[in-house]
Amino acid sequence: MKDIKLNIEQIEADVLCIGGGPAGLCAAIRASEKGANVVVADKSNTLRSGDAGMGNDHFMCHIPDVQGERPGFFSKIGKMSQAVTETFWENAYDLVKRWDSWGIPMKYEGKYEFAGHSMPGQPDFFLHFSGQNTKVKLTKQAKKTGVRIINRVMILDLIHDNGTIAGAIGFDVRESKLLVFKTKAVILATGKCMRLFPQNTGSLFNTSTSPINTGDGRAMAYRAGCELSDMELNDRWSGPKYFARNGRGSWMGVFKDPNGIQIGSGKEMTGHFYPQLHENYQKSGRGPVYMDLSDISDKEYEDMKYWLVHEANTPILDFFKEEGVDPKEHPFEFMTYGLFTPGGINYNEKCETPLAGLYAAGDEFMSFYIAGAAVFGSIAGESAASFAAKTKTSDEKHTQTLVVKTKEFLETVLNRTDGATWQEANSAIQQVMADYCGLVRSETMLTAGLEHLRRLKKKLPQVLMAQNTHELMRCVEVLNLFDIGEITFVAAQERKESRQHHHRVDFPFTNPMLNEQRLVVKNKKGQPVPEWRMKA
Amino acid sequence: MKDIKLNIEQIEADVLCIGGGPAGLCAAIRASEKGANVVVADKSNTLRSGDAGMGNDHFMCHIPDVQGERPGFFSKIGKMSQAVTETFWENAYDLVKRWDSWGIPMKYEGKYEFAGHSMPGQPDFFLHFSGQNTKVKLTKQAKKTGVRIINRVMILDLIHDNGTIAGAIGFDVRESKLLVFKTKAVILATGKCMRLFPQNTGSLFNTSTSPINTGDGRAMAYRAGCELSDMELNDRWSGPKYFARNGRGSWMGVFKDPNGIQIGSGKEMTGHFYPQLHENYQKSGRGPVYMDLSDISDKEYEDMKYWLVHEANTPILDFFKEEGVDPKEHPFEFMTYGLFTPGGINYNEKCETPLAGLYAAGDEFMSFYIAGAAVFGSIAGESAASFAAKTKTSDEKHTQTLVVKTKEFLETVLNRTDGATWQEANSAIQQVMADYCGLVRSETMLTAGLEHLRRLKKKLPQVLMAQNTHELMRCVEVLNLFDIGEITFVAAQERKESRQHHHRVDFPFTNPMLNEQRLVVKNKKGQPVPEWRMKA
Amino acid sequence: MAAVIDKEKCNACGICVRICPTDVYYGSKAKEIPVVTYPEECWHCNACVHDCPQNAIHLRIPLTMQVAYKS
Amino acid sequence: MAAVIDKEKCNACGICVRICPTDVYYGSKAKEIPVVTYPEECWHCNACVHDCPQNAIHLRIPLTMQVAYKS
């Protein structure tokens, strides 16, 4: 019989940043600059963790001297509020300068270069930057600013007291330690939610953005009482087949059909906004669709490869190299990846959430790309620091109960010898999501699927099994996915219309009356309940 | 560094039966009765291996005193030749009597009972029998008849010399032993081919019939020079969701939609012949489809459960029991399972193949159910025994080369420490089959997919890795699947029409000129080549 | 884990190891309580459950395989 | 197996173990050649390949992930 025990360790600070990506690190740096005692907890290691771990090559911003007019595009379509959008454009250039001063090369050959990823008829608004080592530089800057970084920590729940945040509870994923964070403010910056829907066959971890982003922030916030927004409006991407990887905008070729006929004009951004193209061609037998680089010049090809390196696409370039194949001469297939969840914690322009002391930033809701993470990370840090400065540490009674309960649960999972692995549970939730709440939704399917999901969810605590704290981290991720899945079902049931990828066959039309509303789901006594809100 | 070596052991006999299911065991028993020295090699253990391992409750046959007129149904639609069909009906009753005499209860409450599984307008032609322990009884009878059974042996290739069979080569899946069978005749009876297409999410082994039936016989026969027939005409089944298990005919309820409205009259056998019903309902948002037992009487319910036990469905009954749920009161969902490969070695009425001394029986081609396995198993045994009686053991030169080459390859896979597991390779072939040669086929998709498949296939010998002989067995299964997958692509390319589940979007019509022809694929210098044949 | 063995009831007779069609018990030793080395290869056929003279085995049906039913 | 370590080149510095985002190297011991405990959790991000000072790591792209291209 196993008998793993977790030792309790307490960590005190003013501000805790959960997640050490661009948002979390920028939050930590700013909060620390503002005088707060800051700790960052990352599931991995901030040097290379998350979507930005191996780089990003485009930073959305407005630099008047270079671009002239401010691009209007994103202020019109963003699901964020007008105030958030405005705040973004006002602050982005400042972040460019700060990053540059921290050693992140924001200029290319001595000047700001805007190129790629832009929309037809709009000024270029993506600054091309050599971002392969962004996370290394941000980590260095955070340490220099006095931030304490604790890597390999899985935070699993927020500690709160009557609507006020008091910290968080987590564990070390390499050692048997339960970590109790007592802080005055908490910033959620855990990124996207990727492993809810199946992405690709063959592997749970073959995802286009980081597979360890499992909506942990969303799930914790929901359990603590925050509402989640737009959870039913799932989205899809496309990219190389079968090596799931984002960065479509960096492949400078055109799409061609099997007969070498170009699809589209090659100039528009349909590759971004019509990711189903590839699936539709495949399912209708007209496919595959190829990314064809044969018509670009040698100079363009060399440039493309340079930027692909900074856009974290070296593994695909290396694949072709090992294969002895030049992608310029060998068109390769694209595919449509699975659904994911952009909806989440709809933070305001100060990064506030409905809970006092709780802030969110970056991809906790939608995305302004890495630039949005930088801007709102910094703002979250500022908000959290100023909240912490005027707040006393909360009392401990509630914490003790939670710690005891959490410790007991985690140790049960660790010491179980017969049961379900996290992979089994993760596959089960993906199966339910794809089969009942996927690309085709209807009242009858949603009802049946939600019942099945809840039946499985109820069993999880009785069967989940982990051999060590690493697997325990994966188990907690899956528990979060079950919460988010349940919320997605409830929201999909409530939205009785079709919109974007939310396709209700029983309500096939888009209802224009809902254009100005958004759907949120709240935790009411453990049950997810939908509510409509006017858009801000 | 690992250094696993395989010790060579030679086994001599007149007849080798590969596979110890109803076909292989009946073949062995009959060959032994006819005076041959017989050995059976089974990947598992003949007591419980294969589709019939835990039972079967219906034996197709014609007993004139009970049924009157012979059912005409199967003689009209079977893909087998008229001669094979005739031979079947002439011999099935004899097998009933033989099985009964071996202790398999072919009578129910003292008499032959025909019920269930039948076609509208046809006499009942399935004898209901209590077959849960069929394999135990057949194994006992085989031993009694003097058959030598070697369990846990994976046969991987036939030994042949100028079109004449000389034996087979395999290995012990529990010990490091290479087994060289020197026999005058070989009978292939390895069952179906199940793991080529994805069946269900979550597990490679969640298959409706036995997951270890991987078309080993088909692949070996093809490599040795036999043509394979109807490989592009893949088929599908339906059954309980998500617990893939055949035995649809034993669930005596009706299908209902989510509103409790019955689908179909409830009397026809559409559940067998329209398995896509469930997928169509799901994909169109009208699902799920429920198996509803609420209208059957208590007596019918008890009968149903009795027969489900003999039809190997106890695990599903046990699931409901543990769940505390009575399936009579709780309609449960059905689903459409993935494609599989009924096509294969189109043996004649004497079970002969084009190779002298090589015979095939049972599910190596299509299926006459367990009755067909019994009948043609017995005939194969008779043919093989009489062939062996007039044949000398073949010379050994060719065998030695093969043994050395095989030993070297297997030891390489066993001693490799970095590489691809069988699961990875199996997932890869399933991905290619589903994406390029699945429910939608077209020239462009088939061409692209075949190229990708061949690229992967070429790499397999360089990357496959097994920790022990158990995993080595799975690796060999996957190598067989790659051969069968390649053949399926070639046949699907050649059949430029749509027929059954072979849906060519570029050739959407069924071509009546092909009604009387069948498509075969032959191995010509290592390349699969299609040819058309007139139906016999 | 597919097959779950009750260590109190099991008498290490080895029948399950002998008969399992997919050999999930590969690597089990004679006269010792069997080990489930390859749980993901369990077909959930119930052969070991049925043939165990001690009634010491039951199948845990994976979450991915639980039949969806109406409550 | 995702990351493959060249045991001749590796100097057991532990950088890959420290930085791997998905912690495939869990269980590796200090000053020993790292072990790939959870290969199926490799995201194939190239972080370890890039940061290895000895150039001792390369990724084997699984058969399921090989990009389909025209020859």
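Remember, predicted model here, so these are calculated numbers, not experimental data. Within every chain, numbering begins at 1; the chains are lettered A, B, ... in the order of the sequence lines, protein sequences first and strands thereafter.
With B/T444 contributing its side chain and A/P258 its backbone, the two residues share no donor-acceptor pair below 3.5 Å.
Taking OG from A/S203 and CD from B/Q423, the interatomic distance works out to 12.5 Å, rounded to the nearest 0.5 Å. Atom CG in A/N206 sits 11.0 Å away from atom OG in B/S427 (nearest 0.5 Å).
Neither the backbone nor the side chain of B/H503 comes within less than 4.5 Å of any heavy atom of chain A. For B/R286, the part lying under 4.5 angstrom from a heavy atom of chain A is the backbone only. Contact of B/D435 with chain A is made through backbone and side chain together, with heavy-atom distances under 4.5 Å. For B/E323, the part lying near chain A is the side chain, with the backbone staying farther off; criterion is any non-hydrogen pair under 4.5 Å. Heavy atoms of A/T447 lying under 4.5 Å from chain B are absent altogether. With a 4.5 angstrom heavy-atom cutoff, B/E333 touches chain A only via side-chain atoms.
Heavy atoms from other residues, nucleotides or ligands lying under 6.0 Å from CD of B/Q276 number more than 12. In this structure, B/K283 places its NZ atom where only 12 or fewer heavy-atom neighbours from other residues, nucleotides or ligands lie under 6.0 Å away.
Ranking B/S442, B/G449, B/G285, B/A434 against chain A, the residue ahead of the rest is B/G285, based on heavy-atom pairs under 4.5 Å. Here B/K459 is the residue among B/R504, B/K459, B/E443 with the most heavy-atom pairs under 4.5 Å with chain A. Between chain A and the options B/G438, B/P198, B/S284, the largest number of non-hydrogen pairs under 4.5 Å is found for B/S284.
Smallest separation of non-hydrogen atoms from A/P288 and B/A448: CG-CB, 3.5 Å.
A perpendicular orientation is assigned to the rings of B/Y242 and A/Y436, their planes being inclined by more than 60° (bins at 30° and 60°).
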